[in-house]
Protein chains: 2
Amino acid sequence: MTNPTANPTANPTTNPMTAPRTSRQARADALRNRRLLLGAAADVFAEYGTEASVTQIAQRAGIGKGTVFRHFPTKEDLLAAIVGELLDALVDTGVALSDADDPEAALLAFMTAGVELQVKDRAFCEVVGRPSLRHPDVQAGIERLCEVAETLTDRARRQGTVRQDITGRDIVLLVGGVHQTAAPAMDADPELWRRYLGLVFDGIRAVTAAPLAHPAPDHMRLG
Amino acid sequence: MTNPTANPTANPTTNPMTAPRTSRQARADALRNRRLLLGAAADVFAEYGTEASVTQIAQRAGIGKGTVFRHFPTKEDLLAAIVGELLDALVDTGVALSDADDPEAALLAFMTAGVELQVKDRAFCEVVGRPSLRHPDVQAGIERLCEVAETLTDRARRQGTVRQDITGRDIVLLVGGVHQTAAPAMDADPELWRRYLGLVFDGIRAVTAAPLAHPAPDHMRLG
DNA sequence: AACAAACCGGACCGGTCGGTCAGGTTCAAC
DNA sequence: GTTGAACCTGACCGACCGGTCCGGTTTGTT
């Protein structure tokens with residue numbers, strides 16, 4: 001959906017990654033600036049989080065601030081495009097793990113990849129970890145993430161290596177939670193999240209434990 | 001330390017909760033406004049988080065913005081006073097649980113109280129969950145929290161109901177992490193954190209699991 | 001009652017933010 | 001080469017922030 005090489009016939013008003021106009025070909029300088037913008041935005045959002053200013057992104061890209069708003073009507077649209085790509089990449093990782101030999105190891109690898117992405121990218125973990133950004137692209141990406149997580153979880157459940165009462169949504173939420181658990185102490189130990197991922201995964205593997213008293217979530221946002 | 005009824009001979013420059021002047025008695029209106037301010041700040045920070053504006057707090061208290069800065073030189077000092085009180089209350093809860101009959105249940109009750117506080121108070125969980133606010137009062141409060149958590153953990157460890165490689169700092173970090181895990185879906189289910197507290201506690205109780213590969217944190221902030 | 005110190009409050013300051021727009025520039029079609 | 005639409009830019013706008021300041025008010029004391 002947010003793949004920059006996607007079908008150019010897609011609706012340009014809902015997909016700013018494709019050609020912005022349907023009639024004429026996009027101009028060469030416009031495409032060049034768009035690439036510069038997306039690269040700079042990815043870097044700056046990753047390093048400074050969602051509160052990075054548009055001015056800062058424009059400077060990093062070497063373009064004017066007005067050009068940013070020409071390509072994306074609001075800052076949130078730009079942010080959603082960046083985070084959407086990251087979500088897509090993580091979904092792809094999950095899909096690739098869906099037919100691995102060891103379902104338990106595959107689920108752990110998926111969670112590891114998720115936490116690593118959050119560690120690397122401040123904006124990603126801020127957007128995924130809070131119900132603030134209601135952008136449809138992001139919502140859809142998270143939904144796809146839950147689906148692939150459910151696939152991975154289901155295989156491990158059938159194998160009997162993880163408890164029966166864990167869902168794909170649990171996994172997605174726990175990936176965010178593991179990162180947040182370690183976050184306050186990550187300056188002192190950048191790999192601390194591995195400790196809590198191990199602990200949480202022991203909880204996920206506790207097949208002999210009593211079922212969790214509280215039911216699983218059925219949807220992740222809105223009320 | 002941040003108890004409003006604490007010893008009035010404490011250094012007023014480091015403890016804004018006590019009388020602001022050593023020589024004369026504080027004026028009646030000043031004390032009244034201070035109480036209004038602290039109450040309003042607690043409410044507004046709890047509801048809107050650390051980004052609540054000083055103007056908003058002053059309006060809720062029914063006082064002028066200048067009066068806020070008369071009592072606390074910066075917004076961060078006010079925030080630290082509020083959060084410090086909450087930390088003290090949680091430490092007291094932990095101390096009260098330190099001689100309970102069932103160490104395992106006591107540790108779980110402590111964690112439950114911690115998550116409940118985070119659910120109720122946005123500012124509290126923002127300050128505890130991020131290494132941003134370096135205010136000494138807050139740092140000291142977190143340190144005391146880790147100590148009482150270590151006491152509770154140690155009793156449960158000796159009893160053999162929790163794994164040997166869990167520390168008090170782990171517990172404090174996990175309390176924050178459990179809340180953050182459920183946070184994205186708490187609009188739909190405000191009690192969802194109970195599910196993940198149960199799951200994490202199963203991990204903590206996994207006495208037969210292999211020891212965690214990554215070592216425990218030895219300090220929580222700075223680098 | 002009279003006084004001075006303490007206190008109050010909101011206009012004000014400098015700074016930052018997301019977003020707009022007029023005017024100059026560049027590209028591509030012919 | 002000419003032309004005009006698409007594009008680029010950075011000065012600018014209004015809103016909001018934390019924090020300051022001083023004229024006016026309140027308070028406790030004498």
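Below, read A as the first sequence line, B as the second, and so on, with proteins coming before strands; counting in each chain starts at 1.
- Taking 4.0 angstrom as the limit, His71(B) places none of its side-chain polar atoms (N or O) nearer than this to OP1 or OP2 of dC7(C).
- One finds a side-chain N or O of Asn33(A) lying less than 4.0 angstrom from the OP1 or OP2 phosphate oxygen of dC8(D).
- One interatomic measurement links the two molecules: CZ of Arg32(A) to C1' of dT26(C), which rounds to 11 Å at whole-angstrom precision.
- Applying the 4.0 Å criterion to OP1 and OP2 of dG10(D), one finds that Lys65(A) has every side-chain N and O outside that range.
- Closest to the Ala30(B) side chain, of the nucleotides dC8(C), dG19(C), dG18(D), is dC8(C).
- Expressed to the nearest 0.5 Å, how far CG of Asp121(A) lies from CG of Asp43(A) amounts to 9.5 Å.
- The distance between atom CD of Gln59(B) and atom C1' of dG9(C), rounded to the nearest whole Å, is 12 Å.
- In this entry the distance linking CZ of Phe69(A) with P of dG18(C) reads 7 Å, nearest Å.
- Each of Thr67(A) and Thr55(A) was assigned the nucleotide of DNA chain C with the nearest heavy atom; the assignment lying further toward the 5' end belongs to Thr55(A).
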Passes side chain to side chain donor-acceptor pair (under 3.5 Å), His135(A) versus Asp77(A)? Steps please.
CA-CA 8 Å; His135(A) 199 287; Asp77(A) 289 319; 3.0 Å; yes
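- Between Glu47(A) and the choices Lys120(A), Arg60(A), Arg122(A), Gln56(A), the side chain to side chain contact (heavy atoms under 4.5 Å, CB included) rule is met once, by Arg60(A).
- Taking atom CZ of residue Arg70(B) and atom C1' of nucleotide dC22(D), one finds them 11 Å apart after rounding to whole Å.
- In this structure, the CG atom of Leu36(B) is 15 Å from the C1' atom of dC7(C), given to the nearest Å.
- Between the CZ atom of Arg35(A) and the C1' atom of dC7(D) there is a distance of 16 Å, rounded to whole Å.
- Not a single donor-acceptor pair, N or O on each side, falls under 3.5 Å between the base of dA28(C) and the side chain of Arg27(A).
- Nearest-nucleotide positions on DNA chain D for Asp29(B) and Ala52(B) put Ala52(B) closer to the 5' end.
- Between Lys75(A) and Ile63(B), the residue anchored nearer the 5' end of DNA chain C, judged by the nucleotide with its closest heavy atom, is Ile63(B).
- Between Arg144(B) and Glu147(B) there is no salt bridge, since no side-chain nitrogen of the basic residue lies less than 4.0 Å from a carboxylate oxygen of the acidic one.
- Atoms CG (Leu37(A)) and P (dT9(D)) sit 11 Å apart, rounded to a whole Å.
- For the pair Asp77(A) CG and dG18(C) P, the interatomic distance rounds to 14 Å; values are reported in whole Å.
- Across all strands, Ala58(A) comes closer than 4.0 Å to no nucleic acid atom at all (heavy-atom distances).
- Between Asp29(B) atom CG and Arg34(B) atom CZ the span is 12.5 Å, to the nearest 0.5 Å.
- Both Ser53(B) and Gly64(A) sit near DNA chain D, but only Gly64(A) has its closest nucleotide nearer the 5' end.
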